[in-house]
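Scope of the values below: all heavy atoms of this structure, side chains included, with no hydrogens, waters or symmetry mates. Throughout, a chain's letter reflects where its sequence line sits, starting with A, and its residues are numbered from 1.
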There are 2 protein chains.
Amino acid sequence: MPETMENGFQVAVDTVIFTLVDRDLKICLTRRDHEPFVGNWSLPGCLLRLDESLDSAAQRQIEDTLHISKAYLQQLYTFGDPERDPRRRVVSVAYFALVSKDRLTPTSLKDTSGSPSWHSVYALPPLAFDHAEILNYALTRLRYKIEYSAVAFELLPEEFTLRELQDAYMVILNDHKLDKANFRKKIREANIVEPVSRYRETGGRPAKLFRFRDDAQLETKARRFFP
Amino acid sequence: MPETMENGFQVAVDTVIFTLVDRDLKICLTRRDHEPFVGNWSLPGCLLRLDESLDSAAQRQIEDTLHISKAYLQQLYTFGDPERDPRRRVVSVAYFALVSKDRLTPTSLKDTSGSPSWHSVYALPPLAFDHAEILNYALTRLRYKIEYSAVAFELLPEEFTLRELQDAYMVILNDHKLDKANFRKKIREANIVEPVSRYRETGGRPAKLFRFRDDAQLETKARRFFP
DNA sequence: TCAAAAGTGTTCAGCTTACACCCATGA
DNA sequence: TCATGGGTGTAAGCTGAACACTTTTGA
């Protein structure tokens with residue numbers, strides 16, 4: 001622990017907010033209206049306040065940006081390169097957040113010019129600062145995490161079909177060859193969803209709707225969902 | 001990213017330095033000679049300097065504490081609770097480090113009263129600040145990490161027997177019922193070690209020495225070593 | 001009755017687990 | 001020759017991957 005006094009740092013919190021729309025994985029970006037990187041896109045971020053925890057700052061950032069409370073949040077990594085902000089020394093604690101699209105205002109999902117707006121992770125504009133690096137890291141961690149825990153549900157509406165769940169996995173992993181039968185068997189045996197009595201209309205046979213079980217084991221320690 | 005000016009923070013780096021001695025997993029602790037928590041044990045830590053990166057600060061901390069360069073280091077998590085330091089606001093970036101005992105001075109490994117000194121993670125004294133929480137997190141991550149990557153080698157000498165490797169896994173996981181034959185088969189098939197022509201004398205038949213292959217795949221993405 | 005999508009069962013290969021056995025050395 | 005620890009082979013059982021199949025709806 002520190003004993004000597006040194007100059008202070010700015011501590012920022014930057015959040016990578018994911019959502020799933022139209023079988024695409026999107027993140028929330030804001031357009032910068034100050035130097036440096038004026039006009040560029042960047043991750044939503046704010047400065048840590050003296051009286052709040054890191055988690056609270058990330059939560060506050062999401063509330064300010066999307067007007068949503070209690071999003072699923074996880075701290076990712078802290079970026080502290082002395083050169084990462086050309087103006088001054090900023091240490092940035094990165095978070096990722098998962099938000100279901102039905103908690104967002106429908107208008108904000110459509111255009112990709114306003115600020116904030118949603119952009120496919122598979123077609124991103126250039127990002128300010130080291131935010132491309134942060135985003136890459138977040139995506140890697142998200143992909144890793146859905147293989148051993150049930151966080152994909154945070155990106156889905158309350159009720160969903162198994163097909164929608166499988167699509168979520170395929171879009172996030174960018175792997176569209178998961179076997180339907182095997183996927184369903186895994187989900188069934190993991191015992192993390194329960195059927196509701198409703199059905200979703202589709203092009204063919206209606207699909208049974210499921211919801212996530214509140215008493216489910218979220219993390220399957222050392223047992224992945226997909227090999 | 002931040003646009004408004006706020007008060008500065010102290011940014012600290014605290015490191016959880018692991019080593020393996022006598023079939024025990026130990027960490028390095030320093031005794032505090034200032035308030036608060038005078039006389040208590042704490043993790044080695046230092047304040048971040050304005051011109052260095054977080055990784056460099058952690059490396060510097062290890063050099064200052066153990067006179068070792070280029071230890072295996074990984075950033076863990078950042079702790080930023082406003083109350084974590086009773087004096088002032090300190091955001092602490094935690095690292096874990098893995099050091100082989102043959103890089104340490106033999107004397108320093110023996111007594112557990114000097115500062116720094118080595119303490120079994122299975123019999124720890126009370127720790128200052130939130131360091132017990134940091135340590136717990138580090139231990140969880142270490143255990144998790146050795147299941148899908150080959151970091152255990154960082155804790156072993158250059159040359160080691162397969163028994164020593166298995167002991168390392170068992171001590172770290174606190175699980176002493178790994179099957180010898182199956183362990184060896186996994187290691188053989190993972191293709192991460194190569195034999196050297198020397199042998200280690202033991203109580204019975206001499207044990208072949210191995211070393212880690214420099215061209216080995218360190219991380220086995222989504223494929224764990226042990227289920 | 002056909003297309004589309006939901007939903008299931010079955011096989012085979014490969015891996016995990018448990019356990020028994022042999023080998024090399026020093027006392 | 002015995003105790004000690006190193007080192008290996010194999011059979012049983014489970015898991016994952018592939019694929020073929022049935023069901024239910026709307027047009």
Between CD of B:Q166 and P of D:dG7 the distance, given in whole Å, is 11 Å

Tell me if the centroids of the rings in B:Y95 and B:Y72 come within less than 6.0 Å of each other. no

What verdict does the salt bridge (charged side-chain N to carboxylate O under 4.0 Å, His left out) test give for B:E164 and B:R200, after you've listed the backbone C-alpha separation in whole Å, the side-chain angles of each residue and the deciding distance to 0.1 Å? CA-CA 11 Å; B:E164 287 162 0; B:R200 169 104 70 224; 2.9 Å; yes

For the rings on A:F153 and A:F160, is their centre-to-centre separation under 6.0 Å? yes

Distance check needed: C:dA5 P versus A:L165 CG, whole Å only. 18 Å

How close or far is atom C1' of C:dG7 from atom NZ of A:K208, stated in whole angstroms? 12 Å

Rounded to the Å, how far apart are B:F160 CZ and D:dG6 P? 15 Å

What nucleic acid atoms does B:A207 come within less than 4.0 Å of, heavy atoms only: base, sugar-phosphate, or nothing? sugar-phosphate

When rounded to whole Å, the CZ to P distance for the pair B:R163 and D:dG7 reads 11 Å

With sequence neighbours left out, the residues meeting side-chain hydrogen bond (donor to acceptor under 3.5 Å, both in side chains) with B:T15 are none

Can you measure A:N182 atom CG to D:dC19 atom P for me and round it to whole angstrom units? 11 Å

Do the side chains of A:R32 and A:W41 get nearer than 4.5 Å, heavy atoms only? no

Quick one: B:K186 NZ to D:dG7 C1', roughly how many Å, whole number? 19 Å

Summarise how protein sits on nucleotides 21-27 of chain C as a single string, 5' to 3': B when a protein heavy atom is under 4.0 Å from the base, S for sugar-phosphate-only contact, - for no contact. --BBB--

Integer-rounded Å distance: D:dG7 C1' and B:I187 CD1: 15 Å

Are B:Y77 and B:F96 near enough that their ring centres are under 6.0 Å apart? no

Mapping B:K185 and A:R184 to their closest nucleotides on DNA chain C, which lands nearer the 5' end? A:R184

